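Working notes, beginning with the structure itself.
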There are 2 protein chains.
Amino acid sequence: MSGPRVTIREVARAAGVSQAAVSKVLNDGYGVSAAMREKVMRAVTELGYRPNAAARAMRGRSHTIGVVADIRTPIVAQITEGIEEGLQGSSLDILLAPVGKAPERQRSSIDAMLNRNLEGLILIVPSLPRPELEALGQSIPTVLIGRHGGGRHFDSVMDDDVAGAGLAVEHLVGLGHQRISHIAMPMGKFRRPSVLPQTAREDGYVIAMRDHDLEPDVITTDYTEEGGHTGAMTALRRKKPATAVFAGTDMVALGVLRAAHELGLRVPEDLSVVGADNIPVSALPQIALTTIDPAGKLNGSTSTRLLRERIDGRRNPVTHAITPSLVVRGTTAPPRE
Amino acid sequence: MSGPRVTIREVARAAGVSQAAVSKVLNDGYGVSAAMREKVMRAVTELGYRPNAAARAMRGRSHTIGVVADIRTPIVAQITEGIEEGLQGSSLDILLAPVGKAPERQRSSIDAMLNRNLEGLILIVPSLPRPELEALGQSIPTVLIGRHGGGRHFDSVMDDDVAGAGLAVEHLVGLGHQRISHIAMPMGKFRRPSVLPQTAREDGYVIAMRDHDLEPDVITTDYTEEGGHTGAMTALRRKKPATAVFAGTDMVALGVLRAAHELGLRVPEDLSVVGADNIPVSALPQIALTTIDPAGKLNGSTSTRLLRERIDGRRNPVTHAITPSLVVRGTTAPPRE
DNA sequence: CCCAGTTCGTAAAACGATTTCTGAGCTTTA
DNA sequence: TAAAGCTCAGAAATCGTTTTACGAACTGGG
C-alpha cells in the first residue's frame with residue numbers, strides 16, 4: 001500500500017493520453033469527451049492515484065480549508081463536526097491548527113496556514129484585534145465563529161447571545177422568579193470588548209430583566225468555577241438573596257452549584273441555576289444543569305456554507321446569527337415562597 | 001500586510017545574489033560565507049519574506065508534521081500541548097486532522113496528510129488494524145500514542161496502564177480496603193484487543209489484587225457514565241458489597257458516584273472510588289475524584305522527540321512507556337468497619 | 001610559477017500538478 | 001469547395017522552492 005506515489009504522468013501513460021487530459025478530467029473538465037473521461041477514470045482507480053496536494057497547492061487550488069481553534073474549548077469539537085458536515089461532497093479537506101488563547105500563537109498559526117495556500121480560513125473565537133482580521137480577510141476568504149460585531153472583509157457566524165440570555169430570563173420568570181442575579185465577566189479597564197459573547201449575554205440579561213420590570217443585578221467576577229463560587233456567595237448572602245442565578249457560562253454555574261451546596265441550599269428547591277454553553281459535564285445526571293445550548297454543529301455547518309460562497313467569489317460581508325435554545329434539566333424550578 | 005506574497009526571487013534580487021544562495025542560507029547553509037548570510041538575512045527581514053510551504057513541500061522538506069486525533073477526547077488537548085512543546089526550536093509546524101472513531105474517517109485523514117508530504121505523523125489512539133499501521137510506518141515516520149503493543153515500523157508512546165492500575169489498587173489497599181471491584185470494558189466477541197489501554201488496566205488490576213492475596217472482581221459494562229452506573233449497581237448490591245471501586249475511566253467513575261448517591265452511600269465514607277484519565281471534570285471541587293493521571297503533556301513531548309529522531313533517520317522501533325501518577329482527591333478514604 | 005584542493009556562488013534541473021496556447025481534425029456555412 | 005467555426009487533445013509554460021552540477025576565484029605547497 002506504500003511504495004513510491006503514483007503521479008499524474010503515470011496515469012496519463014497508462015491511459016494513453018497526456019497529463020493535461022488527466023488533469024482536465026479530474027477538475028473542471030472543459031473539453032473532454034466521454035470516451036476520454038472513461039479511459040482516464042479507469043486508469044485512476046486502477047492505479048489508485050491520489051493527486052499530490054502539495055503540488056496542487058502551488059499551482060491553482062489546494063482543495064483545503066484551515067480551521068484555527070483552541071481545542072481545549074469543548075465546543076470546538078462540535079463546531080468542527082459541523083464544519084466537516086458542511087464539507088460533504090465538496091472535495092475540500094480540512095486542516096486544523098491548534099492554538100491557545102495567546103494572540104501571538106494564533107498569529108503564527110494563521111501565518112502557517114497562509115503559507116500553505118489554503119482556500120479559506122475559519123477562525124473560532126479569535127482573540128486578534130479587528131484591523132488584523134480585516135487585513136486577513138482581504139488576503140484570503142475568512143469566516144469568524146463566535147465573535148460578535150462583524151467586519152467588512154470577512155463573514156461572521158455567532159450565537160445570538162442576547163436572545164440566549166433572554167431565554168434564560170424568560171424561563172426563570174416564567175417559573176415565578178423575581179430576584180435573578182447574573183454572574184458576568186470583568187470587561188477590562190479601558191474599553192468594553194463588545195465583540196465577546198460574554199458582553200452580549202450580559203446585555204441580553206439586562207434587557208430581558210427590564211422588559212419584566214425587574215431590577216438587574218450583575219455580579220462581575222472571573223469566568224471560572226472559582227469565579228462562579230465567589231460570585232454566588234455575594235448574591236446569596238444579601239439580606240434579600242437571589243432565588244435564581246443566571247451564570248454566564250456552565251463553568252461558572254458549576255461554581256454556583258458548589259456555593260449553594262456549601263450554604264446548605266438545595267438546588268433547585270431553594271435556588272435555581274441556569275448556565276450557558278452546554279458543555280459535556282452539564283449533561284451528566286449528577287449535574288443536570290439547565291443551560292443554553294449554543295448549537296455548535298449548526299455554527300460549524302453554517303460557517304462552511306458561507307466560506308464556500310466566499311471561495312466562489314462573494315465579496316460582501318455576511319453576518320449570520322444563530323438562535324440558541326434552552327435545555328431544561330434539573331437545576332431550575334419555581335421559587336419556594 | 002497582504003498584497004502579493006514576496007518570493008525567494010525577489011529576496012535574491014534585493015540582496016543581489018542568486019535564489020540558490022537565499023535557499024542555502026535559510027536551510028542547511030553549506031558553502032555560504034558570513035558576508036552572504038548577513039546580506040541575505042537583512043533582505044529577508046526587510047521584505048518580510050516567509051517561504052511558501054506548498055512549494056517547499058513539493059521539493060524537499062515540508063517542515064510540517066501531522067497529528068491525527070479525535071478532538072472530542074479531552075486528553076488530546078494536553079497531548080497536543082506536549083507535542084508543540086517538543087517542537088520548540090525546530091522550525092517544524094504542526095497540523096491536526098480532526099477525526100472521529102470511525103476507521104474510515106481516520107484512513108481518509110491520513111491519506112490527506114500523506115498527500116501533503118508531511119515529514120512525520122503522530123497518531124493518537126488510532127483504531128486502525130496493525131498491518132495498516134505497519135504499512136504507514138514504512139512510508140512515513142510515524143509515532144503512535146496510547147496504543148499498546150508496539151510495532152516494527154513505528155514508535156509507540158503510551159502510559160503504563162498496568163502500573164497505573166497497580167497504583168490505584170495499592171492506594172486502596174493501603175487505606176485498608178479488601179473488597180475492591182473493577183469496572184472494565186467488554187472486549188468484543190472474537191479476540192482480545194490487547195492493544196487497548198482498557199485491557200492493560202484490567203490486567204494491572206488483576207495482577208495487583210493477586211499480589212495482595214485479594215480476590216479480583218471484574219465487572220464488564222460499557223465505558224460510559226451509564227455503564228459505570230449499572231456496573232456499580234451490580235458491585236454494591238451483593239451480599240458482601242465492595243467497599244471500593246476502581247473504575248476504568250473517569251467517565252465510568254462518575255456513573256459509580258451517581259449509583260452510590262442513589263443507594264444512599266456517602267463517598268468516601270461508605271465507598272471509595274478511583275477513576276482513570278483525570279479528565280477536567282474530575283478536578284472540579286464538587287467531584288474531586290481520586291484518579292490516575294495519564295501525563296498527557298509528557299506523552300506529547302516524548303512522541304515529538306521520537307518522531308524527530310525518526311525524521312533524522314532512525315529506523316529501529318522504540319516503545320516508550322510513561323509511568324502514570326495517582327492524583328488523590330476526595331473520593332477515597334479508609335473503609336468504615 | 002604551476003597545480004591540486006578548497007570555498008563560494010550561480011545556472012539550471014527537478015518536484016507534480018494546473019493552465020494556456022496551439023493545432024489537428026470535423027462540421028457547418030456561404 | 002473554400003473559409004470559418006467547433007471540439008478535443010497535447011505540448012509547453014508555470015507555480016516557488018530545493019538540489020545538483022559546475023565554474024570561478026582563491027589558497028597553499030612544491
Side-chain angles (χ1 to χ4, degrees), chain A residues 3-41 43-44 47-64 91 93 111-112 114-119 311, chain B residues 3-41 43-44 47-64 91 93 111-112 114-119 311:
Chain A
R5 283 195 83 73
V6 23
T7 76
I8 199 174
R9 190 185 314 272
E10 308 174 49
V11 174
R13 179 149 39 219
V17 299
S18 73
Q19 308 177 37
V22 177
S23 176
K24 282 198 268 196
V25 167
L26 262 44
N27 298 321
D28 45 355
Y30 167 76
V32 295
S33 65
M36 155 138 283
R37 149 165 284 110
E38 214 271 333
K39 262 193 305 184
V40 169
M41 283 319 242
V44 164
L47 296 175
Y49 168 70
R50 287 185 51 93
N52 179 318
R56 271 189 155 173
M58 193 169 12
R59 200 94 172 67
R61 319 261 47 131
S62 67
H63 296 258
T64 312
S91 86
D93 272 338
D111 260 355
L114 285 179
N115 291 340
R116 286 182 173 71
N117 301 10
L118 302 193
E119 309 215 1
I311 292 174
Chain B
R5 283 195 83 75
V6 23
T7 76
I8 200 175
R9 191 186 312 273
E10 308 174 49
V11 175
R13 179 150 39 218
V17 298
S18 73
Q19 308 177 36
V22 177
S23 176
K24 280 201 271 197
V25 167
L26 262 44
N27 298 320
D28 46 354
Y30 168 76
V32 295
S33 65
M36 154 139 283
R37 151 165 281 109
E38 215 271 332
K39 262 193 303 185
V40 169
M41 283 318 241
V44 163
L47 294 175
Y49 168 71
R50 286 185 52 92
N52 180 319
R56 271 191 156 172
M58 194 169 11
R59 200 89 173 67
R61 320 261 46 133
S62 68
H63 296 257
T64 312
S91 86
D93 272 338
D111 259 356
L114 285 178
N115 291 339
R116 288 183 173 69
N117 301 11
L118 302 194
E119 309 216 359
I311 292 174

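Numbers restart at 1 for each chain; the letters A, B, ... are given by sequence-line order, proteins then strands. Because the structure is a prediction, the values reported are computed rather than measured. Scope of the values below: all heavy atoms of this structure, side chains included, with no hydrogens, waters or symmetry mates.
In this structure, Gln19(A) contributes its side chain and Arg9(A) its backbone to no donor-acceptor pair below 3.5 Å. Looking at Asn117(A), its side chain never comes within 3.5 Å of a backbone N or O of Ser62(A) through a donor-acceptor pair. Proximity of a side-chain donor or acceptor of Glu38(B) to a complementary backbone N or O of Ala35(B) within less than 3.5 Å is not detected.
Counted by atom type alone, Arg5(B) and Asn115(A) present one or more donor-acceptor pairs between their side chains at under 3.5 Å. Checked by atom type, the side-chain pair Arg116(B)/Thr64(A) shows a donor-acceptor distance below 3.5 Å.
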Which pairs, protein N/O on one side and nucleotides 13-18 of chain D N/O on the other, fall under 3.5 Å?
from, atom 1, to, atom 2, distance (Å)
dT14(D), O2, Arg59(A), NE, 2.4
dT17(D), OP1, Tyr49(B), OH, 2.8
dT17(D), OP1, Asn52(B), N, 3.0
dT17(D), OP2, Ile8(B), N, 2.4
dT17(D), O5', Tyr49(B), OH, 3.2
dT18(D), OP1, Asn27(B), ND2, 2.9
dT18(D), OP1, Arg56(B), NE, 2.9
dT18(D), OP1, Arg56(B), NH2, 3.4
dT18(D), OP2, Ser23(B), OG, 2.7
dT18(D), O2, Arg59(B), NE, 3.4

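Here the range on DNA chain C touched by chain A, meaning any atom under 4.0 Å from one of its heavy atoms, is dG16(C) to dT19(C).
Tyr49(B) and Leu26(B) get closest at one heavy-atom pair: CE2-CD2, 3.5 Å. Of all heavy-atom pairs spanning Ala15(A) and Lys39(A), the tightest one is O-CD, 3.7 Å. Contact detail for Val32(B) and Arg37(B): the closest heavy-atom pair is CG2-NH1, 3.7 Å.
In this structure, CZ of Arg37(A) is placed 11 Å from P of dA9(D), rounded to the nearest angstrom.
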